[in-house]
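Inspection log for the structure reproduced underneath, given as structure tokens.
FYI, the numbering just counts along the sequence from 1. These numbers were taken from a predicted model, which means no experiment stands behind them.
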Amino acid sequence: MSLTRRDFARQSALTGAGVALAGSVGALATAPNALAASDADAAAGEPGERRHGVGYGPLRPDPNGVLALPAGFSYRIVTYSGRTKLESGEFTPSNHDGTATFEGPRGAVLLVNNHELKGPRSGWPHPVPLAEGLVYDPAASGGCTVVEVRRDHVAEWVGIAGTSTNCAGGSTPWGTWLTCEETEDKAGQNGMTKDHGYVFEVDPEDRRANRNPRPVKALGRYAHEAVVVDPRRGHLYLTEDASGPNGLLYRWTPPEGFRHGRGRLRALADDAGVLQAFKCFDSGGRFVDDLSRATRIGTVYGVDWTDVPDRDAKKTSVRKQFTAGQVTRARKLEGMWWGDGGAYIVSSYAREESPAQHDGQVWFYDPKRRTLTLKVLLGVNTDPSKDGAFDGPDNITVSPYGGLVIAEDGDGVQHLFGATESGRTYPIARNELNIGTEEEPEYSEFTGVTFSPDGQTLFANIQEPGIMLAITGPWKRQRR
């Protein structure tokens, strides 16, 4: 049943201040013009404030020039493109992106690691190798590798090859990885021999299950970013990272009688289930055209869903199939994570193409209430070269120690940073690997932030050149 604008307006009027305050504890803002203070601000205050601060203290420079961490923390390089090798002998592919962890055999941790490589294979020194039986399009350079991590040993092999621009994705409740292609290239474009812009399922445990890869066309063909699964209702939610016009948030409803499980998505008919795009309205029942309209933490929108006319975008990109007033848009819809009974959804930034500008939003979609609440809002960072201000949230995970851990993909300095439930933020790591010059330093984004199944290790990637890191230390429950 749809949540009508009238129903939402009536509900908002009845709950009154509750709607205005909902989500306010999710305030997260550290950039200039932000709406909440970081823990660095508390450190500059009274001694009592410092004692009750959050996080792990200041970051200490790394003598090896890779990763600055708080005192007591350390990192281990798990894979390094062009240096470490796969079981088959080729170098680890480059451009690490979305990642998830799974429990492996005999205490091992398994990770599926996307490699965001676009276009022909000739354009990259270390594309994903075309492993026999695991190739979708032999012209494409991207794909996934599976990494097995033990205390004294690391192994890596190809999970899928011949896909393009594997950006984020998402793990499933049944123990697989959904890798997302952030492209709309068709056969004949950019050297491709097959259509791209799909989601593929990768099994980290069963190598045979990954043979003869087949896209899950029921989930649509567009510039996919991330995906999460509602374990109770069976819906899949998917973000689109696109502009001109801005991208959409999608929901896929499985066909009646369908039951999720390993390999079942790839067996679906291309038109199975219903793919829809979201449409928001405020407490007054007014249509919201773009999420950047929200300029206050705690903003709550009602959500309805509009059917996608042609999910395979045979002639027109999916996001261009809607007229004004049919759907809500947002720039840079990026990472997602399922937690607390709903989906956390990132919009990395908004600029002139959007109604209002910001340097990051994180929303929470509650499927039971059918509401979208603004939990995080970062003002525009006017000096990204300065350390201490966070901008451009991208990949995200819910921390076992409370709150969120966010990978930064902004301008200038790049961080992993945490946010408590009440909105205090703190640094966890800083990328110190300069891939630019001494005169014009450049630092690649962090990607693939995710904890090990036991919560003891935080895995994250430096996208360029492609480094997977395992971070350990005195993790602790964070104050609200």
Determine whether [X] and [Y] make a side-chain contact, defined as any pair of heavy atoms from C-beta on separated by less than 4.5 Å.
X: H260; Y: P173; answer: no
X: Y426; Y: T420; answer: yes
X: P245; Y: R319; answer: yes
X: V229; Y: W174; answer: yes
X: W252; Y: V227; answer: no
X: F459; Y: V449; answer: no
X: V376; Y: Q361; answer: no
X: Y301; Y: D282; answer: yes

Exam field: side chain [X] to backbone [Y], donor-acceptor pair closer than 3.5 Å:
X: T179; Y: G169; value: no
X: N114; Y: A168; value: yes
X: D359; Y: G392; value: no
X: D185; Y: Q189; value: no
X: T328; Y: C280; value: yes
X: W177; Y: N113; value: no
X: E182; Y: T165; value: no
X: R293; Y: P355; value: no
X: R351; Y: H358; value: yes
X: T101; Y: F451; value: yes

Exercise for review: Taking atom types as modelled, find out whether Y349 and D409 have a side-chain donor-acceptor pair closer than 3.5 angstrom.
Suggested key: no
Assess whether a salt bridge exists between [X] and [Y], defined as any Lys/Arg side-chain N lying under 4.0 Å from an Asp/Glu carboxylate O.
X: R214; Y: D270; answer: yes
X: R208; Y: D206; answer: yes
X: K279; Y: D289; answer: no
X: K320; Y: E184; answer: no
X: D312; Y: K217; answer: no

Check your understanding: Between T239, D241, D394, which is the residue that forms a side-chain hydrogen bond (donor to acceptor under 3.5 Å, both in side chains) with K332?
Key ->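 Result for side-chain hydrogen bond (donor to acceptor under 3.5 Å, both in side chains) with K332: D241.
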Point to revise | Partner of R262 by side-chain hydrogen bond (donor to acceptor under 3.5 Å, both in side chains), out of D203, T176, T172 | key: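 Testing each of D203, T176, T172 against R262, the sole residue satisfying side-chain hydrogen bond (donor to acceptor under 3.5 Å, both in side chains) is D203.
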**Study point:** With sequence neighbours excluded, residues passing side chain to side chain donor-acceptor pair (under 3.5 Å) with H96
**Key:** T79
Check your understanding: In chain order, what residues pass the side chain to side chain donor-acceptor pair (under 3.5 Å) check against S122, with sequence neighbours excluded?
Key ->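 Per chain and number, S122 pairs via side chain to side chain donor-acceptor pair (under 3.5 Å) with no residue.
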Rounded distance [0.5 Å steps], [atom1] in [X] versus [atom2] in [Y]:
X: L378; Y: I406; atom1: CG; atom2: CD1; value: 7.5 Å
X: E225; Y: L238; atom1: CD; atom2: CG; value: 11.0 Å
X: C180; Y: H224; atom1: SG; atom2: NE2; value: 6.5 Å
X: T163; Y: M192; atom1: OG1; atom2: CE; value: 10.0 Å
X: E116; Y: N95; atom1: CD; atom2: CG; value: 7.0 Å
X: T99; Y: M468; atom1: OG1; atom2: CE; value: 4.5 Å

Practice item. For Y443 and N434, run side chain to side chain contact (heavy atoms under 4.5 Å, CB included): C-alpha distance rounded to whole Å, both residues' side-chain angles, the deciding distance at 0.1 Å, then the answer. Key: CA-CA 5 Å; Y443 301 93; N434 182 9; 3.9 Å; yes
Point to revise | Ring geometry between Y136 and H196 (parallel below 30°, tilted from 30 to 60°, perpendicular above 60°) | key: perpendicular
Point to revise | Verdict with reasoning, I160 to L134, per side chain to side chain contact (heavy atoms under 4.5 Å, CB included) | key: CA-CA 5 Å; I160 187 173; L134 300 175; 5.6 Å; no
On a heavy-atom basis, which atom in [X] and which in [Y] lie closest, and how many Å separate them?
X: G220; Y: L275; result: CA-CD2, 3.9 Å
X: T299; Y: W363; result: O-CZ3, 4.0 Å
X: P367; Y: R233; result: CG-NH1, 3.5 Å
X: P254; Y: H235; result: CD-CD2, 4.1 Å
X: V216; Y: L265; result: CG1-O, 3.8 Å
X: F287; Y: V327; result: CZ-O, 3.1 Å

Point to revise | Sole residue of Q463, Q414, H415 in side-chain contact (heavy atoms from CB on, under 4.5 Å) with N431 | key: Q414
Exercise for review: Return the set of residues passing side chain to side chain contact (heavy atoms under 4.5 Å, CB included) with N212 (not counting sequence neighbours), or none when no residue passes.
Suggested key: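 Here the qualifying residues are R266.
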Check your understanding: Partners of Q321 by side chain to side chain contact (heavy atoms under 4.5 Å, CB included), sequence neighbours excluded?
Key -> V308, P309, D310, A313, T316, V318
Using a 3.5 Å cut-off and no angle test, enumerate the donor-acceptor pairs between side-chain atoms of residues 338-347 and protein atoms at least two apart in sequence or in another chain.
unit_1, atom_1, unit_2, atom_2, d
D340, OD2, Y344, OH, 2.5
S347, OG, R331, O, 2.8

Review point. Do the two ring centres, one from Y250 and one from Y222, sit under 6.0 Å apart?
Key: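 Yes, the ring centres sit under 6.0 Å apart.
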Point to revise | Residue pair T193, D137: steps toward the side-chain hydrogen bond (donor to acceptor under 3.5 Å, both in side chains) verdict | key: CA-CA 6 Å; T193 65; D137 180 352; 2.4 Å; yes
Point to revise | Steps toward side chain to side chain contact (heavy atoms under 4.5 Å, CB included) verdict (V78, L111) | key: CA-CA 11 Å; V78 180; L111 301 99; 5.5 Å; no
Less than 3.5 Å apart, which donor and acceptor atoms pair up between the side chains of residues 123-133 and the rest of the protein, not counting sequence neighbours?
unit_1, atom_1, unit_2, atom_2, d
W124, NE1, K118, O, 2.9
E132, OE1, R211, NH2, 3.1
E132, OE2, R211, NH2, 3.1

Exercise for review: I would like to know whether I467 and Y80 meet side chain to side chain contact (heavy atoms under 4.5 Å, CB included); could you show each step before the answer?
Suggested key: CA-CA 4 Å; I467 304 173; Y80 198 129; 3.4 Å; yes
